[in-house]
Amino acid sequence: MNTNRKELIGNIADPEKIWDVIVVGGGATGLGAALDAASRGYQTLLLEQADFAKGTSSRSTKLVHGGVRYLAQGDIGLVREALYERGLLLKNAAHLVKNESFIIPNYEWWGGAFYTIGLTLYDLLAGKLGFGRARHISKKEVISKLSTIQPEHLYGGVVYHDGQFDDSRLAVNLAQTSLEQGATVLNYIRVTSLIKDTQDKVAGVAATDVESGITYQLKGKTVINATGVFVDDLLQMDKPGKKPLVRSSQGVHLVIERSFMPGEDAIMIPKTDDGRVLFVVPWHDKLVVGTTDTPLDQHSLEPVALAEEIEFIMRTAAKYLVKAPTRKDVLSVFAGLRPLAAPEDGSSKTKEISRSHKLIVTTSGLITITGGKWTTYRRMGEDTINKAIEVGKLPARATKTKELSIHGSKADVNRNDHLYVYGSDEAAVLALGNENPAWKEKLHARLPYLKAEVIWGVRYEMARTVEDILARRVRALFLDARAAIDMAPAVAKLVATELQYDETWENEQVKTFRKLAQSYLLEPYTPE
């Protein structure tokens with residue numbers, strides 16, 4: 001696996017080279033498509049305008065799940081597909097995906113029977129790839145598992161099983177696996193226009209290296225638009241004035257200390273004030289609480305939580321937890337945009353729009369994949385490349401990703417050690433400390449991350465900026481934004497030394513990151 005940017009850029013320098021598949025977008029969907037194409041033996045190029053999983057794909061609820069609420073909506077097909085993919089992910093990315101137990105606390109007398117029946121169907125749909133059977137538990141057992149649950153009017157609960165993971169770590173590992181399979185995968189390359197032939201068919205893209213400013217003309221038999229909430233931007237390049245395909249829905253999450261719910265179980269609240277589902281999920285020794293579902297008319301790489309979304313999450317959490325989190329307890333707040341297929345009737349009720357993915361091919365041959373969810377990324381990639389074979393008249397080859405182990409996959413990792421996310425790379429990360437003993441030091445007293453992880457991120461995981469490291473290689477920005485702000489200068493120095501950048505670059509990186517990180521906090525923070 002070659003992660004050297006200079007050499008990877010060299011792969012796109014030949015203007016006469018014709019790629020079988022050019023994927024635009026380096027989130028879950030694009031990475032899934034690139035990996036599927038490369039593993040089938042097609043000449044594959046993936047281009048991402050920022051960093052891998054910079055957008056929606058690093059901002060999920062951290063669940064690999066079938067979607068209990070889609071079952072309630074009657075979308076059996078989507079749930080069955082997602083549960084199947086959940087089972088494959090547990091096997092193929094064993095270091096990152098774990099079986100998590102969820103408890104639905106019942107505050108209505110009928111809740112136990114109702115949810116047990118529904119979740120038994122959920123388990124049956126998973127078939128051989130099930131994670132464990134749902135069961136009803138008493139009030140006493142709920143309180144023993146969730147010591148901070150509100151006991152008043154509690155009748156009991158239902159325990160069920162679903163998956164939990166680290167989203168941007170999986171994205172990085174998918175990029176690495178794609179490289180291992182022969183793809184060329186590049187971040188910080190922005191597609192600026194589509195190239196068309198004399199028949200007005202898409203024949204490639206023009207793309208600019210954000211770092212050097214050099215623009216490349218890249219020829220391709222197929223071009224795949226896998227840009228999430230940005231799909232309409234590429235469709236406008238294809239056909240200006242086209243009606244929008246996607247409607248953005250914002251999901252917001254708050255991160256708080258584990259002391260608010262110290263057990264190993266997660267909570268799923270199936271019916272909130274406005275009909276949304278809310279989760280409280282243990283993640284990297286913190287709790288993630290969310291999500292919201294707010295229709296938005298605009299999209300950006302850095303969406304910001306709305307005051308009413310934050311209030312909704314805190315108000316709902318306060319109903320179920322004995323100690324209610326306050327604004328000062330919030331360590332980080334992050335927002336992500338879901339790319340939902342725009343409803344035909346113009347409805348704004350995004351929580352009722354299907355999460356199934358959609359494939360569209362324009363008259364020029366541009367392939368667009370939209371919708372879907374992290375759990376079904378592999379299936380989305382498979383379907384997209386099947387369509388590319390048809391559109392680009394590529395030699396037909398079957399998908400290989402069902403059995404393909406993802407980079408780092410390793411069973412029985414020690415989840416009490418934060419380095420478990422590196423899986424089979426863990427020993428190599430630690431070995432960097434032999435090269436420089438200072439790299440064995442922690443970056444911050446409140447978080448477990450080591451300086452060696454910064455070096456590893458730059459050398460082997462294509463990190464280019466302080467944000468790439470602190471937001472997506474290690475998850476400091478999402479877990480404790482104040483600590484991340486404090487860590488920025490040390491990280492900038494390490495990255496600058498590795499990439500041979502000067503002090504001016506360092507200072508600019510710290511300034512840029514700290515400004516960004518303030519938007520992950522509810523109150524402004526002055527660094528130490």
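We're numbering straight along the sequence, starting at 1.
- With a 4.5 Å cut-off on side-chain heavy atoms, Arg86 and Leu83 count as touching.
- Between the side chains of Arg472 and Ser58, no donor-acceptor pair of N or O atoms lies under 3.5 Å.
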Test side-chain hydrogen bond (donor to acceptor under 3.5 Å, both in side chains) applied to Tyr460 and Gln176, step by step: CA-CA 8 Å; Tyr460 305 108; Gln176 291 172 309; over 6 Å; no

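- A donor-acceptor contact closer than 3.5 angstrom links the side chains of Thr291 and Arg338.
- Remark: the backbone N or O of His444 is not paired with any side-chain donor or acceptor of Asp486 at under 3.5 angstrom.
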Decide side-chain hydrogen bond (donor to acceptor under 3.5 Å, both in side chains) for His95 and Asn173; before the verdict, give the C-alpha distance in whole Å, the side-chain angles of both, and the deciding distance to 0.1 Å. CA-CA 11 Å; His95 61 311; Asn173 288 157; 2.8 Å; yes

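- Inter-residue side-chain proximity for Phe334 and Leu477 is flagged as unmet; no heavy-atom pair is nearer than 4.5 Å.
- One finds a salt bridge joining Glu211 and Arg5 here, because a Lys/Arg side-chain nitrogen approaches an Asp/Glu carboxylate oxygen to under 4.0 Å.
- Tested against Phe165 for a ring-ring contact (aromatic ring centres under 6.0 Å, His included), the candidates Tyr420, Trp374, Tyr377 yield a single pass: Trp374.
- When side chains are defined from C-beta on, Ile406 counts as touching Leu170, because their heavy atoms get closer than 4.5 Å.
- The residues Arg327 and Glu523 are annotated as salt-bridged, a charged nitrogen and a carboxylate oxygen being separated by less than 4.0 angstrom.
- With sequence neighbours excluded, no residue satisfies side-chain hydrogen bond (donor to acceptor under 3.5 Å, both in side chains) with Asn507.
- Remark: the backbone N or O of Lys373 is paired with a side-chain donor or acceptor of Thr376 at under 3.5 angstrom.
- Under a 4.0 Å N-O distance rule, the pair Glu48/Arg464 does not qualify as a salt bridge.
- In this structure, the side chain of Gln250 engages the main chain of Val304 through a donor-acceptor pair within 3.5 Å.
- A distance-only check finds a donor-acceptor pair linking the side chain of Gln518 to the backbone of Tyr525 [under 3.5 Å].
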Run His407 and Asp425 through side-chain hydrogen bond (donor to acceptor under 3.5 Å, both in side chains) and show every step you take. CA-CA 9 Å; His407 183 93; Asp425 283 336; 2.6 Å; yes

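- Expressed to the nearest 0.5 Å, how far OG1 of Thr61 lies from NE2 of His253 amounts to 2.5 Å.
- To the nearest 0.5 Å, the span separating CG on Leu179 from OG1 on Thr44 amounts to 11.0 Å.
- Between Tyr449 and His418 the shortest side-chain heavy-atom distance falls below 4.5 Å.
- In this structure, Val458 and Leu499 have side chains that are in contact, with non-hydrogen atoms separated by less than 4.5 Å.
- Distance check: Thr384 OG1 to Ile369 CD1 gives 3.5 Å after rounding to the nearest 0.5 Å.
- Taking CE from Met487 and CZ from Arg482, the interatomic distance works out to 15.0 Å, rounded to the nearest 0.5 Å.
- A 4.5 Å side-chain heavy-atom check between Glu467 and Thr512 finds every atom pair outside the cut-off.
- Counting only distance, with no hydrogens or angles, the side chain of Asp232 and the backbone of Leu235 share no donor-acceptor pair below 3.5 Å.
- When atom types are taken as modelled, the side chain of Gln181 and the backbone of Ala38 share no donor-acceptor pair closer than 3.5 angstrom.
- Thr56 contributes a side-chain N or O that, together with a main-chain N or O of Leu337, makes up a donor-acceptor pair within less than 3.5 Å.
- Between Arg190 and Asp209 no salt bridge is recorded (no basic side-chain N to carboxylate O distance below 4.0 Å).
- A salt bridge links Arg59 to Glu302: one of the charged nitrogens lies within less than 4.0 Å of a carboxylate oxygen.
- Contact of the Arg473 side chain with the Arg169 side chain is registered, since non-hydrogen atoms from C-beta on lie closer than 4.5 Å.
- Side chain of Thr148 to backbone of Val322: no donor-acceptor contact under 3.5 angstrom is found.
- A donor-acceptor pair shorter than 3.5 Å cannot be found between the side chains of Gln236 and Asp233.
- If you look at Phe230 and His299, their ring centroids are closer than 6.0 Å.
- Side-chain atoms of Thr208 do not come within 3.5 Å of backbone N or O of Val210 as any donor-acceptor pair.
- Side-chain contact between Val289 and Phe260: absent, with no pair of heavy atoms (C-beta onward) separated by less than 4.5 Å.
- Note that CE of Met314 is 6.0 Å distant from CG of Leu254, once rounded to the nearest 0.5 Å.
- Checked by atom type, the side-chain pair Asp167/Ser57 shows no donor-acceptor distance below 3.5 Å.
- Summarising the geometry, atom NZ belonging to Lys286 is positioned 14.0 Å from atom CZ belonging to Arg475; distances are rounded to the nearest 0.5 Å.
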